[in-house]
Every structure is written in C-alpha cells, then in structure tokens.
*Asks:* 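Attaching a single structure in structure tokens format; questions to follow.
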Amino acid sequence: MQQDQMFNAFTEQARSFYQPMRKLNTLMLDQMSKVAEYQMDAAKRYTETGIERARAATEVKDAEGLGEFSNRQLETVTELSQQMMDDSMKLAEMGNEMRTQLEHAYSDAGKQGAGSFGGAGNSGNSGNSGTGKSASAGSAATSAPASSKPASASSRAKQG
C-alpha cells in the first residue's frame, strides 16, 4: 500500500514538473506555426507580384508600352515597400505577443507551486540577471542582446 502511495506521489510530482514545460512547448510551437504561416503567405504574395511584373514586361511592344510598364513598376515598388513595412510590423507584433505570453507562462509556472520547474528556471537565469526571479526569464531572453554589448565593451576595455 505504501508503495502505491509513493508511486502516486512520484507520478504527481512528475506531472506537476512537466506540465509547465508542456505549456511552454505548446506555446512556442503555436507561435512558430503562426510565424511560418505568415511568412509563407508573404513569400507567396511577393512571388506572385514578381511573376505578374515579369509577364507584364514580356508584353511591352513599343515605347508607349514601355512608359506604361515603367510607371506601373514605380507603383509596384511603392506598394511592395508599404507591404514589407506592414509585414515587418505584423511580425514585430507577433514577437511582442509571444513575449507577453511567455512572461505570463513563466509567472503562472511560479504561481502554480512547481518548485522544481521554477528552481530550474531560476538557476539557469541567475547567471544572466542576478535576480533569480522566475518572472524575469521572459525578459532575460528579450534583453540578451543588450546585455552582450556591455560585455563586449568591457572586453574591449581590457584589451585597450
């Protein structure tokens, strides 16, 4: 009977340990899927535009047609520039959404009392931020490039 209780306790501990990780993995996979789908749609739009313009170039037969083609090319470049800006903004928005979701997931993992998960997150994070707070794990990922600049600056100072 005591073995069953120990086995059940172990099973419950394992479940509570892996549940936050499963949630984070699902979140990451969902976001990767959204980004990949958006990028494929954008690539399709850009490819279709390129093919359309190449076909239009083959239909130029005289100077007047060349002028019309050139004017349309300028319009197309303007449209593509705007579309690329819109796509960049959308991808940045998706990244911000992901960061927010990860911050909530890390916070929830800490609140659920998954001490072994929170402890693993803190020990891996303590070298980066020095705070040991699980909520900073999402922030540490977004601030990593900024924290690498002082390190390179200090290494340059040591060399100089």
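The first residue in the sequence is number 1, and the count goes up from there.
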*Asks:* Roughly how far apart are M28 CE and T26 OG1, rounded to 0.5 Å?
*Replies:* 11.5 Å

*Asks:* For the pair D87 and R45, evaluate side-chain contact (heavy atoms from CB on, under 4.5 Å) and give the outcome as yes or no after the intermediate values.
*Replies:* CA-CA 11 Å; D87 289 344; R45 283 192 313 269; 2.8 Å; yes

*Asks:* Please report the interatomic distance NZ(K34) to NZ(K90), rounded to the nearest 0.5 Å.
*Replies:* 8.0 Å

*Asks:* List the steps, then state whether side-chain contact (heavy atoms from CB on, under 4.5 Å) holds for L29 with S33.
*Replies:* CA-CA 6 Å; L29 287 172; S33 175; over 6 Å; no

*Asks:* Please round to the nearest 0.5 Å and tell me the distance separating atom CG of L80 and atom CZ of R53.
*Replies:*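 These two atoms lie 10.0 Å from each other.
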
*Asks:* Applying the 4.5 Å side-chain criterion to the ILVMFWY set and letting contacts propagate, would M98 and L91 be lumped into a single cluster?
*Replies:* no

*Asks:* Between M32 and V35, is there a shared hydrophobic cluster once you connect ILVMFWY residues whose side-chain heavy atoms come closer than 4.5 Å?
*Replies:* no

*Asks:* Can you measure from CZ (R15) to CZ (F10) and round to the nearest 0.5 angstrom?
*Replies:*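 Here the rounded value is 11.5 Å.
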
*Asks:* Can you establish whether the number of heavy atoms outside R22 located under 6.0 Å from its atom CZ is more than 12?
*Replies:* yes

*Asks:* Do R99 and N96 get their side chains close enough for a donor-acceptor pair, meaning under 3.5 Å?
*Replies:* yes

*Asks:* Taking the side chain as everything from C-beta on, heavy atoms only, tell me whether T100 gets closer than 4.5 Å to E97.
*Replies:* no

*Asks:* Working to the nearest 0.5 Å, report the span between CD of Q83 and OH of Y46.
*Replies:* 5.0 Å

*Asks:* Can a donor-acceptor pair be found, under 3.5 Å and without considering hydrogens, that links the side chain of S70 to the backbone of L66?
*Replies:*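 Such a contact is found between S70 side chain and L66 backbone.
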
*Asks:* Assess whether a salt bridge exists between R72 and E68, defined as any Lys/Arg side-chain N lying under 4.0 Å from an Asp/Glu carboxylate O.
*Replies:* no

*Asks:* Please find the pair of heavy atoms, one from A105 and one from L24, that lie closest to each other, and give the distance.
*Replies:* CB-CD2, 3.4 Å

*Asks:* For Q73 and F69: C-alpha separation, side-chain torsions, deciding distance, then whether side-chain contact (heavy atoms from CB on, under 4.5 Å) applies.
*Replies:* CA-CA 6 Å; Q73 283 294 95; F69 174 78; 3.6 Å; yes

*Asks:* Quick check against the 3.5 Å criterion: does Q101 have a side-chain atom that pairs as donor or acceptor with the backbone of L27?
*Replies:* no

*Asks:* Consider only side-chain N and O atoms of E75 and N71, and report whether a donor and an acceptor are under 3.5 Å apart.
*Replies:* no

*Asks:* I need the N8 CG to E12 CD distance, nearest 0.5 Å.
*Replies:*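 N8 atom CG to E12 atom CD measures 9.0 Å (nearest 0.5 Å).
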
